Amino acid sequence: MLNDALIEPGLADFRAEVRAFLEASLPDDLRRAASRATSVFIDPAVTLPWQRILNARGWAAPDWPGEFGGPGWNEVQRYIFAAECAAAGAPGLAPMGLKMVAPVIMHYGTVDQRAHYLPRILSGEDYWCQGFSEPGAGSDLASLQLRAVADGSDYVLNGSKIWTTHAHFANRMFALVRTSTEGKPQAGISFLLLDMATPGITVEPIRTLAGDHEFNQVFFDDVRVPQANRLGGENEGWSVAKHLLTFERGGKYAPGLIGRLERLRAQDGIGPVLRAELDREAIGLTALQALEIKAMRGLGGNPALYASVLKILGTEAAQRIDTLACDIAGPAAWADADGQTPAELAVAVPRYLNDRAASIYAGSNEIQRDLIARLILG
Ligand SMILES: Cc1cc2nc3c(=O)[nH]c(=O)nc-3n(C[C@H](O)[C@H](O)[C@H](O)COP(=O)(O)OP(=O)(O)OC[C@H]3O[C@@H](n4cnc5c(N)ncnc54)[C@H](O)[C@@H]3O)c2cc1C
C-alpha cells in the first residue's frame, strides 16, 4: 500500500477511482494466476487479457504522454496507480513493448513508425521481445556481433541473440545489430524492429534453474529486414539503446514488493524474529517508494544515476523478500499437492530461484555499481 504521507492532497479521489475500477474490473482468475506466477515475466495468457481491460479504460500505458494514448497523469498519479494495482494483486504487464520499446519509438521513430507500432503495443496486438544480449556480449554489450549487411533496401542478418525473454511468445523483436566494424564498437551498431515470423529466424528454448521456460536463444540465418525498420540512423543504435536502458532499469520496484510483503505479513504463525525482519523490509520499502517518486518527478539527479541506484535497491530487496518467504513457508513450500497452500508460500521456492536473475538482467548489479561510480566520480 502506498504510504499516505506520500500522497498529495487532492489525489485521494483519484486513488478511490482507481480502487473502484480494480474492484470492479480485475477478474478473479487473473488475480489468482498472478498470485501463483513464479517470475516477474508473467505469461501473456495472463497479462494480455488484463492489458485489454486496462486499454478499454485508457489505462494500459500510464507512463505514455496523452498524445500517444496515455491517460495524461502526473508522476504521483502514475505511482498511485502502480501501487493500487500491486496491492490488488493485478498481473504486471510485460515491459518490453509498453515500457521499453514504446518510449524509444516515441523519441526516435518516424511519423509512420509511431503511427504503426504504438497503437499495436497499446492493444497488445504486438508482443515484443528484446534482442540485445549475445553469447559473447552481455555486460560488454557493445561487443555484439550479429551482423546486418545492407543488400538493396534490406539488411541481411546472421548471428544469434541469447537470454531473449518471451521470444517464444513474441511476434516482434527490437534488436541491436552490427552494421559496421569501423571505429569504436559502439559506433557500428544499429537498432532494428523485426517481425519474428520472418524466414530464417529460429527460437530455441533455454530452461532456467527454476525449471521455467522464460527465455531463449534466437538464431538468424540470412534474415531479410527492410532498412525502413531501422529506428534512428544507421550506426546510431547505441544512443537509442542507452535511452531505452534508462526505462528498463529505472521504474517502480516498491509497489510490487510492498504488495508481496503485505501478503507475507498476513500469514499466520510467523515468529517474532521473522516478524522483525518483515518490519525492517517494510521500512526500507517506504524509503524506496519515496526515492522512486522523487526520481519519477525528475527531482535532484541524473535519470541514469537514479535508474542504476533503483535497480540495485529494488532487486536486492526482492531477493531478501524471497529469502524471507522461504523462511516463513518452511515445509509448506513443498506441500502444495492439494493447491490449498497460500500462494505466497506455495511459490516461495521457485520465486526465490527465479529472482536470482534479478541482479543479472537489465545489466548486472556489479555493472550498475560501476556506472554509479563513473557518474559520480567522473
Ligand atoms: C532472466 C534473464 C532474462 C534476460 N532477458 C534478456 C532479454 O530479454 N534480452 C536480452 O537482450 N538480454 C536478456 N538477458 C541478458 C542480460 O542482460 C545479461 O545476462 C546481463 O547483461 C549480463 O550479461 P552476461 O550474462 O553475458 O554476463 P557477463 O557479462 O559474462 O557477466 C558475468 C559476471 O561478471 C560480472 N562482470 C562482468 N563485467 C564486469 C565488470 N566490468 N565489472 C564487474 N563485474 C563484471 C557480471 O556482473 C556477472 O556477475 C536476460 C538475463 C536473465 C538472467
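In each ligand, atom 1 is the first atom listed, and ligand 1 is the first ligand listed. Sequential numbering from 1 along the given sequence is applied to the chain's residues. No experiment lies behind these values; they were computed from the predicted model shown.
- Looking at ligand 1, you won't find any N or O of Y361 less than 3.5 Å from one of its N or O atoms.
- The pair R19-E84 meets the salt-bridge criterion, since a charged nitrogen lies less than 4.0 angstrom from a carboxylate oxygen.
- Checked against a 3.5 angstrom limit, the closest N/O atoms of D370 and ligand 1 fall outside it.
- The side-chain tip of R114 does not point at the ring of Y117 from less than 6.0 angstrom away and within 45° of straight on.
- The shortest N or O to N or O distance between S133 and ligand 1 is below 3.5 Å.
- Applying the 4.0 Å criterion to heavy atoms of A357 picks out, from ligand 1, the atoms 1 (C), 53 (C).
- Other residues sharing a hydrophobic cluster with M173 under the 4.5 Å side-chain heavy-atom criterion for ILVMFWY residues are L146, Y155, L157, V177, L192, L194, M196, I201, V203, V218, F220, V223, V225.
- For the residues I367, L141, I360, I162, the heavy atom positioned nearest atom 20 (C) of ligand 1 is part of I360.
- In terms of polar-atom proximity, defined here as any N/O pair under 3.5 Å, E366 does make such a contact with ligand 1.
- Through direct or indirect side-chain contacts shorter than 4.5 Å among Ile, Leu, Val, Met, Phe, Trp and Tyr, W163 is connected to I162, I206, F215.
- Among W163, F215, F174, the residue whose heavy atom lies nearest to atom 2 (C) of ligand 1 is F215.
- One finds no salt bridge joining R265 and E281 here, because no Lys/Arg side-chain nitrogen approaches an Asp/Glu carboxylate oxygen to under 4.0 Å.
- Each of the atoms 11 (O) of ligand 1 lies under 4.0 Å from some heavy atom of F132.
- With respect to the salt-bridge test (charged N to carboxylate O, under 4.0 angstrom), the residues R374 and D370 qualify.
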